[in-house]
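For reference, the structure is listed below as structure tokens.
Chain identifiers are assigned alphabetically (A, B, ...) following the order of the sequence lines, protein sequences preceding nucleic acid strands; residue numbering begins at 1 within each chain. Because the structure is predicted, anything quoted here is derived from the model rather than measured. Note: hydrogens, waters and symmetry copies are ignored here, and every other heavy atom, side chains too, is used.
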Amino acid sequence: MNKLDVVGKREPMLDAWEKATGRARFTDDLAFPGMLYGKILRSPLAHAKILHLDLTGAEKVTGVKGAIGGEDIPKKKYGIVPMAKDEYALAIGKVRYVGDEVAAVVATSLDAAEEALSKIQVDYEELPAVFDPVEAMQPGAPVIHEEVHNNVSASIRKEFGNVEKAFGESDFLFEDTFETQAVNHCPLEPQAALAVVDPSGKVTLYASTQIPFFLRRNLATTLDIPESKVRVIKPKVGGGFGQKIDLYAKDFCAAFFAMKTKKPVKFVYEREEVFTSTRQRHPMHIQLKTGMRKDGTILAQQFKVIADGGAYNSTAPLMITLACYFIMLPYRLENLLFEGYHVYTNKPVGGAMRGHGIPQVRFAVEAQLDHVAEKMGIDPLDLRLKNAFQAGAPHPAKLRVQTCGFSDTLKTAAKGIGWEEKRGKLPFGRGVGLAGASFPSGVSNMSHISSGAMVKIERDGSITLLTGAADIGQGAETVISQIVAEELGVPLEDIRITAADTEITPLDPGTFGSGVTLRAGNAAKIASQEAREKLFEAVAEKMEVNVKELEARNRRIYVKGSPERGMSFKEAIKFYQYSDRPMPIIGRGSYQPPAKEPTTLLKEDGNFSPAYSFMTQAAEVEVDTKTGKVKVLKMVASHDCGKAINPMLVEGQLEGSVVGGMGQALYEEVITEKGRVLNPSFLDYGIPTAMEAPSITSVEVETNDPEGPFGAKESGEGTQLAPAPAIINAIYDAIGVRFKTLPVTPEKILQALDEKKKE
Amino acid sequence: MRGKEVVVKRIITLNVNGEEFEFLTEVHRTLLEVLREDLGLTGTKRGCDLGTCGACTVLIEGKPYLSCLTLAADVQGKKIVTIEGLAQDGEPHPLQKAFVQKGAIQCGFCTPGMILMAKAFLDENPNPSEEEVKQAISGNICRCTGYTKIVEAILSLTHK
Amino acid sequence: MRLPKFEYLEPKTLQEAVRALASDAKRSVLLAGGTDLLVNMKHRVIEPKQVINLKTIPKLAYVKNVKDELRIGALATLHDLSSSRVIQERFPILSHVATKVGAYALQAMGTLGGNLCQGNRCRFYNQSAFWRGAKPPCYKAGGKLCHVVRKPGECHSTYCGDMAPVLIALEAQVRVVGPNGERVLSLSKLYSRDGKRPLSLRKGEILKEVLIPPPSGKTLYLKWRRRESIEFPIVSLALHIEKDGTEKIGKARIIFSAVGSGPVETIGAEEMLESSSLDNRTIERVSNQAAKEISPMRTSIYSPSYKRRMAGILLRQALENFQIPNPK
């Protein structure tokens, strides 16, 4: 590959200055004259019929401009996965969890809106509730959604190969049960929406979202207005981690009230609402049986997974499907029987969160693999290396893995943590562990999978990039701009970007499935090439050379290998213009994963993603055996990201994701009692602070995927799959106890050490 | 629940970023609300509203204050600095530069509070250890960065 | 979350504040750092008619030596404590404990007086109005029933302060000012151990300063929490030990936080420790005794049995620290 000028450079984020100086505008930072403030009344009960809703008290509060219940909005269900829509903007008939939306008010001040909520009278008839997914599946359990009698709203049963036969041929069988907890994404910016209606009746919604185009579609459907009457603009978004890949009452209520009152309307969630009433990582109950051949080959695995979905579906079918298919990476596995259930309970709702269904099963697999290795007398690293998937190998579910740096990530992570010197050799209380994983770089979905981009070359030589990609703080806009700058041979500062505005920017699925760099990056790359070709044609004509001989670099266009034979970018534009070619120069790009292959996996096997990333996390921990406290001393995150378009941002992705994963291993759990969240605050929910953050070493393994822009694949989301098992495996190395339930709290460590003493 | 309506509005004067602002407001409003809603200084962020995330940190007489737990009426006559007022004569503060250049900013929602907290801390302790830096910013939650590059950025400005 | 509306007073003297407070004590609150009060007000567990701001009264924030005694004004911030040269030199343990409260900004805002007078905590009480809405208000929040024990007329909320255990171990006293003048009482007596009204202050009384006798012996504070910042203790312990001139222990104070309705002194364990030597067997017996003496309730996400266990473990660690010739 040619030497690169912009791609591969540690560039600060384009909007870092705005953010550092307080000028960056997030949704709640916007205000319009006459704006109304909205609040949502939520159910205090886990499961109840709404017998009567009386809004008159609220309407009488001075300053209140409107109050509505579920019956007042068009009765159209919404949902992020079209086949699984099961939610109304506000509850109709009954509430299904503590925090479910019952009514909404708008007022001229937040004080009035809050007061109005306390004046709404709701008569409920409490219904029996169910909080445990296993109980919820039993006959006679309370029915949460009338159309789903056993509360199983999504399920999958898939067999690859012949598991029974493979178990028969196995020399060793291992069976374990694992439990994972509910985890909140905790984006620092709470969900917000601000709707404005123009004189033509069009609604513009500014929203804290990862999916502007999906939001537009769902708003149109749910509010029963044409899509052309809805515009969604994503301002700065303060983190998402998957929680903002969804649609919320605040979106519908803001738009509805704006249409009704003709005034701007803003809804912003409280932190408590983020905890109780948005989305969380699905807790899972996982039974896992693994068959091993004497030589260390993983022959077969059988799973039974019960995911606690909470009261609504959100991404249910996709989540349980991903859990299944990504068992078969990053290890070769010919025989898999996966049975998975997404079960409704009267609890907060599960949704997409960094890793989306995979971290839970990956924890089970990786924790069990260490046990397997020990019982079979094989080093856990060697066992993983032996079974590591390799690029180009056939995949039982037809995933097409063109590049795979998994083995390299294993080796570099092991080296970084000092595996040889430390594993099994540290004093009691200290230990190292590792775990591996794989993740798609962009997922197919049923609605649309292509990204578009438009690149305009302006008269002054500057570049305008339009992309639908939704930067939520990860730096997507910067990375995509780097790609454009590289293609056009200009410095990054020449690029201006407009992104994530459904009316102006081309379609994009949004930020999920770790696909932005690959998908939107490719679209921008194609658009840049098209624009460049147009310019090259003019230059080629002037210089009397073939277009193919030209190269753009350092703000110059010249004959390859002879930089002196050419002209400046600006001169080229001038010539282009004077040769009567139409201005501006526009390049359009669309990217869709290769033809015929895309599949959602919901109905059939196939290649789910254009490329797959691979990663290994290694951890060193210290366990205080007197108090049970675990301190993660060091983590090494080795990641095959294909090619780091911006290594500094890739590191940032890895570091943040590692600490999140550590939180899930040791500190974090949304605790409920009879469906009520007991710790809906940063005070009581154990999100890691700087004091908990370990030293982190990032290793970028570059495999240059042919499908990725400049070879790039995903980074960041996949990173969160392996920290928890790596830490749990390190704890075993430290104190000889295998934990199968997350999070591993000091309390659990003490209990386990007690039991160990008794043995 | 409340008794008779009482006089709850006052004219208050705040000195924010070297400028005097005089306005009529209700006494139950927090500094965070007034900064964001009345003065348009939205750089100060509302992350939890209960003093547990640090996103609303401002400097009052150089000390870090959580503006969500501070009454606006209570800080009259005090020097208040928000993120918008940190640059001097158009020149960004070294902490702002360090955060930008070291990649310590991702979504940016914790950034203003984090930078101001770091400023208050470094003004007091220009030569901290890494552990002291972590302790100083431990009330500022960040979900994006894992704190790594934030700590690096702050340490890059110490005299060690 | 908006604050409820209230009348706001800015007294210029302590007398003025006392008069205002005494005039309507039940519906008035004192504002110092605000870090505890404003959260409770946003949650609507406190909806006062008037808020009396003590910060407008001059000369309540000081740290000074008066003869041998250290005097700290109630409005001195926790950050003042951790950064005061005087305290660092004479009572380094106080500087240390002040850095363990909340996090940096909370220390810069929070005052010693406010920390000592902070409200008791409970998982049914320290929640938003929405959260609490599913049940009738608890006894502490103005209702009849304590949801912790499901009994009327009781409150089992827990005192979770960090400063009080150490200051009690140092035998600090507090000066309070009320309608009938000043009085001085031991800090330990400031706490009523009644969850509903955790302070023994009389109508109209305001904490003015904390008086600490000259240092003697050694004091340790161990705070147990899941994360090393922000959190209140799951359980914490102040241990103060004075040798009797020989190898034996002359005086011992063992005071826990977060395990009862006020700071909890385990007298049985103290007696067991006094006039014994710090051998391993004593440490084991004393730790077990202390764990037995406390009766934590389920007022947080942590179980009483876990708190009890950690109390014993913390004490053991603290005592072991004293076994080392030059403890930290």
Is [X] close to chain A through its backbone or its side chain, or both, or neither, when contacts mean heavy atoms under 4.5 Å?
X	answer
B:K149	both
B:R29	neither
B:I141	both
B:F109	both
B:T145	backbone
B:K102	backbone
B:H28	side chain

Who wins among [options] for the most heavy-atom pairs under 4.5 Å with chain B?
options	value
A:S681, A:G240, A:S695, A:G656	A:G656
A:G716, A:G239, A:S657, A:C186	A:C186
A:A16, A:P187, A:S118	A:A16
A:A690, A:P12, A:G22, A:G473	A:A690
A:E272, A:Q474, A:R10, A:E668	A:E668

If I measure from the heavy atoms of chain B, does [X] come under 4.5 Å with its side chain, its backbone, both, or neither?
X	result
A:R25	side chain
A:I472	backbone
A:F241	side chain
A:Q653	both
A:V237	backbone
A:A31	neither
A:M13	side chain
A:N646	neither

Between [options], which has the largest tally of heavy atom pairs under 4.5 Å with chain A?
options	value
B:M114, B:E84, B:H93, B:E130	B:E84
B:V151, B:T82, B:L86, B:T148	B:T148
B:G103, B:G51, B:S138	B:S138
B:T111, B:V100, B:I83	B:V100
B:E37, B:R46, B:Q135	B:R46
B:Q101, B:E33, B:K45	B:K45

Would you say that [X] contacts [Y] through its side chain, given a criterion of any heavy-atom pair below 4.5 Å between the two side chains?
X	Y	result
A:V677	A:Y685	no
A:Q720	A:M353	yes
A:M635	A:I727	yes
A:I687	A:Y667	no

| query | Would the number of heavy atoms belonging to other residues, nucleotides or ligands and lying under 6.0 Å from NZ of B:K79 be above 12? | reply |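 Open: at most 12 neighbouring heavy atoms sit under 6.0 Å from NZ of B:K79.
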Using a strict threshold of under 4.0 Å (side-chain N to carboxylate O), is an ion pair present between [Y] and [X]?
X	Y	answer
A:E189	B:R143	no
A:K234	A:D471	no
A:D28	A:K266	yes
A:E692	B:K134	no

So how far is it from [X] [atom1] to [Y] [atom2], rounded to the nearest 0.5 Å?
X	Y	atom1	atom2	result
B:I105	B:I115	CD1	CD1	5.0 Å
B:K119	B:L122	NZ	CG	9.0 Å
B:L66	B:C53	CG	SG	8.0 Å
B:L59	B:N17	CG	CG	9.5 Å

| query | Judged by modelled atom types alone, do A:Q243 and A:Q191 share a side-chain donor-acceptor pair under 3.5 Å? | reply |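 Yes.
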| field | Test applied, side chain to side chain contact (heavy atoms under 4.5 Å, CB included); reference residue, A:P723; option that passes from A:M662, A:Q664, A:Q617 | value |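 Among the candidates, only A:Q617 passes.
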